[in-house]
Amino acid sequence: MFSKIPALNYKKKIKVTFVDEEVLIGMVDHWTSPGDSENGVEELTIIPTEGKLKGQYINFDETEVKNIEVIE
């Protein structure tokens with residue numbers, strides 16, 4: 001899922017909507033391939049730029065995500 005989104009390797013600002021409808025907006029820090037993931041799925045680490053998680057490193061995998069859009 002994540003690897004199909006161009007620009008995720010370029011420290012872009014993204015909006016992530018999770019399956020539970022929570023939304024995070026932040027900068028992409030790191031993408032992990034399924035081969036390097038413990039669970040065999042793609043993972044993404046972002047640093048939120050707003051909200052209660054601002055400035056923290058947040059890691060999640062593709063099974064938790066409903067939608068991702070590049071906003072900057």
Side-chain angles (χ1 to χ4, degrees):
M1 172 187 202
F2 302 144
S3 61
K4 293 181 174 49
I5 303 170
L8 284 186
N9 296 328
Y10 299 104
K11 307 288 184 190
K12 295 289 185 175
K13 189 173 188 178
I14 61 171
K15 177 181 178 181
V16 181
T17 304
F18 294 91
V19 294
D20 66 359
E21 299 301 326
E22 188 162 341
V23 174
L24 284 179
I25 295 174
M27 303 300 289
V28 174
D29 179 70
H30 184 78
W31 169 77
T32 303
S33 71
D36 291 330
S37 168
E38 289 182 17
N39 297 324
V41 295
E42 290 181 272
E43 296 180 13
L44 198 61
T45 302
I46 70 169
I47 305 169
T49 56
E50 54 191 68
K52 64 183 177 187
L53 298 175
K54 181 179 179 178
Q56 298 180 44
Y57 288 83
I58 306 299
N59 185 69
F60 49 89
D61 70 48
E62 62 185 322
T63 65
E64 301 172 77
V65 176
K66 180 178 178 181
N67 187 52
I68 293 181
E69 67 182 276
V70 177
I71 55 177
E72 283 182 14

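Note that the structure is a prediction, hence the values are computed from the model and not measured. When a residue number appears, it is its place in the shown sequence, counting from 1.
Nearest heavy-atom pair across Gln56 and Pro48 is O-CD, 3.0 Å. Of all heavy-atom pairs spanning Glu62 and Val41, the tightest one is OE2-CB, 3.3 Å.
Applying the side-chain hydrogen bond (donor to acceptor under 3.5 Å, both in side chains) test to pairs two or more places apart or on separate chains, those with a residue in residues 16-26 are Glu21-Lys66.
We find the CD1-NZ distance between Ile68 and Lys15 to be 12.5 Å, quoted to the nearest 0.5 Å. Interatomic distance, Lys13 NZ to Ile71 CD1, rounded to the nearest 0.5 Å: 5.0 Å. To the nearest 0.5 angstrom, Leu24 atom CG is 5.0 Å from Ile46 atom CD1.
For OH of Tyr57, the number of neighbouring non-hydrogen atoms (other residues, nucleotides, ligands) closer than 6.0 Å is 12 at most. The environment of CD in Glu50 is crowded: more than 12 heavy-atom neighbours from other residues, nucleotides or ligands sit within 6.0 Å.
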_side chain to side chain contact (heavy atoms under 4.5 Å, CB included) for Leu44 and Ile14? Distances and angles first, verdict last._
CA-CA 11 Å; Leu44 198 61; Ile14 61 171; 3.8 Å; yes

*Run the numbers on Val16 and Ile58 for side chain to side chain contact (heavy atoms under 4.5 Å, CB included), then give the verdict.*
CA-CA 11 Å; Val16 181; Ile58 306 299; over 6 Å; no

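Following chains of ILVMFWY side-chain contacts shorter than 4.5 Å, one cannot reach Ile47 starting from Trp31, and the two form parts of different hydrophobic clusters. Met27 and Phe60 fall into different hydrophobic clusters, defined by Ile, Leu, Val, Met, Phe, Trp and Tyr side-chain heavy atoms under 4.5 Å apart, directly or through other members.
You'll find the side chain of Phe18 stays beyond 4.5 Å of the side chain of Val23, heavy atoms only.
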